[in-house]
Protein chains: 2
Amino acid sequence: MVPDPVPGAGATDDLFKLLADPTRRRILDLLAERGTLTVGQLAAEFPDLVPSGISKHLMSLRAAGLVRATRDGRQRLYRIDPDALSTALVPWLARYAPYWADALARLRVLAERDRERTR
Amino acid sequence: MVPDPVPGAGATDDLFKLLADPTRRRILDLLAERGTLTVGQLAAEFPDLVPSGISKHLMSLRAAGLVRATRDGRQRLYRIDPDALSTALVPWLARYAPYWADALARLRVLAERDRERTR
DNA sequence: CCAATACATTACTACTAGGTAATGTATTGG
DNA sequence: CCAATACATTACCTAGTAGTAATGTATTGG
């Protein structure tokens, strides 16, 4: 059983700590581009890493609500929680709103173009 | 002398590692809301922290290009590099573009409203 | 000038956390 | 059924780092 992600205290801190690790960011990248992956499929992408290490990372990502898992027989299917990332990051990004306005235009274009392509 | 920030390899990694520390994020927050601060003014905001610790954080932030410093007599004035944050984060955020489109609208509203207020 | 101020820098310590190895727990093909 | 599969979990080790303390370096008021 995975403990509920605490939305109130230290949520931003936990988020950035999770994103600070390159392995976890790569896991998120892989899930973002392939949609759904098992632990084994993910572990295969990290040749110089032991599978249980990946499992541990997935547990922490899951505890933070960034990914979700469903059982499929004896394997677990992991996928990104669609808007957990954005809802967690937006409050922080908003603090630097004045510094962002110009960059947001570019990002918005990318977002909508990609949505056309993948949806 | 501060070494040039390496834009190519591991830039995103360095960025997230920097943002992972709550003290550094708070420093950025303070600079974002007050514009320009000396080391002493910043250190005064961290009662349970020694000034040289703040100085060290500022050095790493400066090495990554997130903040800039100018001399003013015997003190240094620190301020946020206007678009270093966005240019560093946008490439990464773009990877999750499909997950972002809805949140970007909210952020964009915040960005433009804040720009009216502070500019 | 020079003591005091304002940071920067270095050396050191303690704690965190990513990694592995070993073990535990469901699940299922045969 | 049961051995094998697919993860999860625990214990442990080690490297990286935030913090302090001590020292170094400009700068300036008096």
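Within every chain, numbering begins at 1; the chains are lettered A, B, ... in the order of the sequence lines, protein sequences first and strands thereafter.
- For the OP1/OP2 pair of D/dA6 and a distance below 4.0 Å, the side-chain nitrogens and oxygens of A/Tyr78 include no atom meeting the criterion.
- In the set C/dT9, C/dG29, D/dT27, the nucleotide with an atom closest to the side chain of B/Ser55 is C/dT9.
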Pairing annotation in dot-bracket form, given for DNA chain D with Watson-Crick or G-U pairs under 3.5 Å and | for cross-strand partners:
||||||||||||||||||||||||||||||
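- Ion pairing between A/Asp21 and B/Lys17 fails under the 4.0 Å rule for side-chain N and carboxylate O.
- Both tests hold for B/Arg26 against B/Phe46: distance to the six-membered ring centre under 6.0 Å, angle to the ring axis within 45°.
- When the C1' atom of D/dC7 is taken as reference, atom CG of A/Leu58 falls 10 Å away, rounded to whole Å.
- Comparing D/dC7, D/dT27, C/dC7 by their nearest atom to the side chain of A/Arg76 picks out D/dC7.
- In terms of heavy atoms, A/Ile80 sits closest to A/Leu31 at CG1-CB, 3.7 Å.
- Residue B/Arg68 places its CZ atom among 12 or fewer non-hydrogen atoms of other residues, nucleotides or ligands, all under 6.0 Å distant.
- Inspection of the B/Ser55 and B/Arg76 side chains reveals no N or O donor paired with an N or O acceptor under 3.5 Å.
- Within 4.0 Å of A/Phe46, counting heavy atoms only, lies no atom of the nucleic acid at all.
- Protein atom CE of A/Met59 is 12 Å distant from nucleotide atom P of D/dT10, rounded to whole Å.
- Taking CG of A/Leu19 as the start and CG of B/Leu15 as the end, the distance is 10.0 Å to the nearest 0.5 Å.
- Atom CD1 in A/Ile27 sits about 12 Å away from atom C1' in C/dG18, given to the nearest Å.
- At C/dA26, none of the side-chain N or O atoms of A/Arg71 fall inside 4.0 Å of OP1 or OP2 (strictly under the cut-off).
- Residue B/Ile54 holds its CD1 atom at 6.0 Å from NE2 of B/His57, rounded to the nearest 0.5 Å.
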Going 5' to 3' through nucleotides 11-20 of chain D and flagging B where a protein heavy-atom sits under 4.0 Å of the base, S where only the sugar-phosphate is that close, and - otherwise, we get ------SSBB
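- Of the candidates D/dC7, C/dA4, D/dA8, the closest approach to any side-chain atom of B/Arg74 belongs to C/dA4.
- Separating the CG atom of B/Leu42 from the P atom of C/dA6 is a distance of 14 Å, rounded to the nearest angstrom.
- Neither side chain, A/Asp81 nor B/Tyr99, offers a donor N or O lying under 3.5 Å from an acceptor on the other.
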